[in-house]
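Everything on this sheet refers to the single structure shown next.
Chain naming here is simple, since letters A, B, ... match the order of the sequence lines and numbering starts at 1 in each. Every heavy atom of this structure was used, including side-chain atoms; hydrogens, water molecules and symmetry mates were not. The structure displayed is predicted, hence computed values, not measured ones.
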Amino acid sequence: MRVRFAPSPTGALHIGGARTALYNWLMARHAGGTFVLRVEDTDRERSTPENVGQILDALRWLELDFDEGPILQSERAERHAEVLRTLEEGGHTYHSTATAQDVRAYKDRHGAEWGFRGEPEADGAIRLRVPEGATVVHDLIRGDTTFAHEHLDDPVIARADGSVLYNFAVAVDDLDAAITHVVRGEDHLSNTPKQLLVLAALGADQPAYAHLPLLHGPDGKKLSKRHGAASVQELRERGFLPEAVRNYLALLGWGDTDDETIVSTDDLVRRFTVERVSRNPARFDVDKLRWMNGRYLRELGEEELTRRLEAYTGRDGLRPSVVIAQEKIQTLADFWPLAGFLHDGPADDPSARERWLDEEGRAALAEVREALATLDAFDAPSVEAALRGVVERRGVKAKQVFQPVRVAIAGTTVSPGIWESLAVLGRDEALSRIDGALGQAVRIA
RNA sequence: GCCCCCAUGGUCUAGCGGUCAUGACGCCGCCCUUUCACGGCGGAGAUCGUCGGUUCGAAUCCGACUGGGGGUACCA
């Protein structure tokens, strides 16, 4: 099996493209085949080297390694010209100066359902002669789809200057790369007969096809940069893990008879078959990805999670705070807002201070300060015992004591466990923050 | 307009002629509990887009319609 991923570098790699890449990669790894990367950069206006770099970057981050390529379509111009000549010599093409308007006029005359047939001219663009009959696309996901040739326009396969167009180039490139399975988005289904016609004119065998349903945004509209985390780049910035993204994307449009939702990449490779890909378009649901990402995050283990968090935040010495914060975050991006106070001091949340550092709260806080100052060991169990002692002595609800302490050291009402946090801070820092809160609160009051 | 694809709770998905229609996210409740989470338990939520047909029996097969999507470029 030889499959390929053939993005056009007209922007960042979006999750739709990422999923297509993933499915191709899974197929190749499942079958022990070859995964080829080809860059379709023949769009002279929109393709840029920076975009090519972005795509390679995205694939690297997703850990979808390719075995051959990247093949640049733009570097195959000579070969394309050669094949074009073969087609001309075989009488499969003709020159035509007919424009889009001419095609429309033709349909006005003959009926909208009839494909355009031009008259051969001395020069102009090159059109492929569509023969009589029909072309059947045998799709691994959708079954057979028949396209009657009479509805198909004679497609332009090369410009007047000889530069070739997409439907011609893909066919030739897939043929030359000996691609056995063409797996791509459903937006290509309607163009497949044109490519099949090129192959037929060349007398070549056709590869197997599989057209994946398209991905939509959360609002059901087409996915774009405007809607949610649409690009791979953005997913990375928002703190998602590549392994979670692979799992999520694999299940977005593919299902097993098995009910498992968390499926490791190894298992995906083992179980994935393109025949089981769904025919329905799917919506990208960030909430489900977040949930899944949290699952993966916690499975990483403290050491590895710390490594990733340090790489993500660019900070060192995070291990202790990672340990106490890990069960409360779903993405790498969630970490700092939750646990940053352990490193950079309390956050500033006036409404939290107002709510918890009132007279009552300050009194509790002062008593906590006493208890903590005289503690022998300053570890989580000891701190907990001390705080609970204060609760008991004051005869109040636990939160009447704990929340003021939380606000004092974190600045907000949301944080990791309170005694774990105190222990991570250490006695000196903890007392100093409590003192700070007491002083500050007094000034406010 | 023309050609093509698709249709199971809000979202993803199982189902392949006979099930109380599966599981997950999300949502609600309870438990756990120092906040928020995590975890556990339970719940609400689907006339299987509509209509017709085939059949003793249709989510499952056929057709029409409706809705959504894609293509229709000298873009990819």
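- Nearest to the side-chain atoms of Leu189(A) among the listed nucleotides rC75(B), rG70(B), rC5(B) stands rC5(B).
- On the P atoms, rA24(B) is 25 Å away from rU60(B), given to the nearest whole Å.
- If you take OH on Tyr296(A) and CG on Leu241(A), they are separated by 9.5 Å, rounding to the nearest 0.5 Å.
- For Asp153(A), the listed nucleotide lying nearest its side chain is rA73(B); candidates were rU13(B), rA73(B), rG70(B).
- Residues satisfying the ring-ring contact (aromatic ring centres under 6.0 Å, His included) criterion with His110(A), sequence neighbours excluded, are Tyr106(A).
- Electrostatic pairing of Glu392(A) and Lys397(A) does not count as a salt bridge here, judged by no charged N lying under 4.0 Å from a carboxylate O.
- Separating the C1' atom of rU13(B) from that of rG18(B) is a span of 23 Å, rounded to the nearest Å.
- In this structure, CG of Leu128(A) is placed 15 Å from C1' of rC74(B), rounded to the nearest angstrom.
- By the 4.0 Å N-to-carboxylate-O rule, Asp267(A) lies close enough to Arg270(A) to be salt-bridged with it.
- Salt-bridge formation is detected for the pair Lys107(A)/Asp153(A): a Lys NZ or Arg NE/NH1/NH2 atom is positioned less than 4.0 Å from an Asp or Glu carboxylate oxygen.
- Salt-bridge check for Glu88(A) with Arg85(A): failed, with every basic side-chain N at 4.0 Å or more from each acidic carboxylate O.
- Across all strands shown, rU60(B) forms no Watson-Crick or G-U wobble pair with both key distances under 3.5 Å.
- Across the strands present, rG26(B) finds no partner; the criterion is a Watson-Crick or G-U wobble pair with both atom distances under 3.5 angstrom.
- Side-chain proximity of Leu165(A) to rG69(B), rA76(B), rG15(B): nearest is rA76(B).
- Rounded to whole Å, the distance from CD1 on Ile262(A) to C1' on rC12(B) is 13 Å.
- The gap from the C1' atom of rC16(B) to that of rA21(B) amounts to 14 Å, rounded to the nearest Å.
- Distance Asp108(A) CG to rU72(B) P: 19 Å, rounded to the nearest Å.
- At a threshold of 4.0 angstrom between heavy atoms, the contacts of Tyr248(A) with the nucleic acid are absent.
- Looking at heavy-atom distances under 4.0 Å, Ala100(A) makes no contact with the nucleic acid at all.
- For the pair His149(A) NE2 and rC4(B) P, the interatomic distance rounds to 14 Å; values are reported in whole Å.
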Practice task
Produce a footprint string for nucleotides 26-47 of chain B: one letter per nucleotide, 5' end first; B if the base is under 4.0 Å from any protein heavy atom, S if only the sugar-phosphate is, - if neither.
Solution key: S-------BBBBSS--------

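- In this structure, the CG atom of Asp102(A) is 12 Å from the C1' atom of rC74(B), given to the nearest Å.
- Nucleotide rG67(B) forms a Watson-Crick or G-U wobble pair with rC6(B), both donor-acceptor distances falling under 3.5 Å.
- Put simply, the side chain of Ser8(A) never gets that close to the backbone of Thr10(A): no donor and acceptor are under 3.5 Å apart.
- Arg142(A) places its CZ atom 13 Å from the C1' atom of rG71(B), with the value rounded to the nearest Å.
- Between rU72(B) and Arg104(A), no contact under 4.0 Å exists linking OP1 or OP2 to a side-chain N or O.
- Under a 4.0 Å N-O distance rule, the pair Arg142(A)/Glu186(A) qualifies as a salt bridge.
- If Trp254(A) and Phe147(A) are placed on RNA chain B by their nearest nucleotide, the residue sitting closer to the 5' end is Phe147(A).
- We find that CG of Leu152(A) is positioned 17 Å from P of rC2(B), with the value rounded to whole Å.
- Spacing of C1' atoms, rC31(B) relative to rG49(B), comes out at 41 Å, to the nearest Å.
- Atom CG in Leu249(A) sits about 18 Å away from atom P in rC25(B), given to the nearest Å.
- Contacts between residues 109-121 of chain A and RNA chain B, defined by a heavy-atom separation under 4.0 Å, are made by Ala112(A), Glu113(A).
- Contact check on Asp174(A) versus Arg38(A) returns a salt bridge, with a Lys/Arg side-chain nitrogen under 4.0 Å from an Asp/Glu carboxylate oxygen.
- One finds no salt bridge joining Arg298(A) and Glu327(A) here, because no Lys/Arg side-chain nitrogen approaches an Asp/Glu carboxylate oxygen to under 4.0 Å.
- Note on Arg79(A) versus Asp173(A): no salt bridge recorded, every NZ/NE/NH1/NH2 to OD/OE distance being 4.0 Å or above.
- Residue-level contact check: Ser190(A) touches the bases, meaning some heavy atom is under 4.0 Å from a base atom.
- Distance check on atom P: rG26(B) versus rG40(B) gives 12 Å, rounded to whole Å.
- When the P atom is used for both rG10(B) and rA46(B), the distance is 7 Å, rounded to whole Å.
- Nucleotide rC74(B) forms a pair with no other nucleotide shown, judged by Watson-Crick or G-U wobble geometry with both contacts under 3.5 Å.
- Taking atom P on both rG15(B) and rC61(B), the two are 12 Å apart, rounded to the nearest angstrom.
- Take the nearest nucleotide of RNA chain B for Thr99(A) and for Thr145(A): the residue whose nucleotide is more 5' is Thr145(A).
- A salt bridge is absent between Glu367(A) and Arg369(A); no separation between the charged side-chain nitrogens and carboxylate oxygens falls under 4.0 Å.
- Under 4.0 angstrom from either OP1 or OP2 of rA7(B) there lies at least one side-chain N or O belonging to Asn280(A).
- Note on Asp139(A): nothing from the nucleic acid sits closer than 4.0 angstrom, heavy atoms only.
- Under the stacking criterion of a centre-to-centre distance below 5.5 angstrom and an interplanar angle below 30°, His188(A) is not stacked against the six-membered ring of rG70(B).
- For rC4(B), neither phosphate oxygen OP1 nor OP2 lies less than 4.0 angstrom from any side-chain nitrogen or oxygen of Arg279(A).
- The P atoms of rC28(B) and rC20(B) are separated by 32 Å, rounded to the nearest whole Å.
- Phosphate proximity of rA76(B) to Thr10(A): absent, as no side-chain N or O sits under 4.0 Å from OP1 or OP2.
- For Thr261(A) and rG23(B), a side-chain-to-base donor-acceptor distance below 3.5 Å is absent, hydrogens and geometry of angles not being considered.
- At a threshold of 4.0 Å, the pair Glu360(A)-Arg394(A) counts as salt-bridged, since one of the basic side-chain nitrogens sits closer than that to a carboxylate oxygen.
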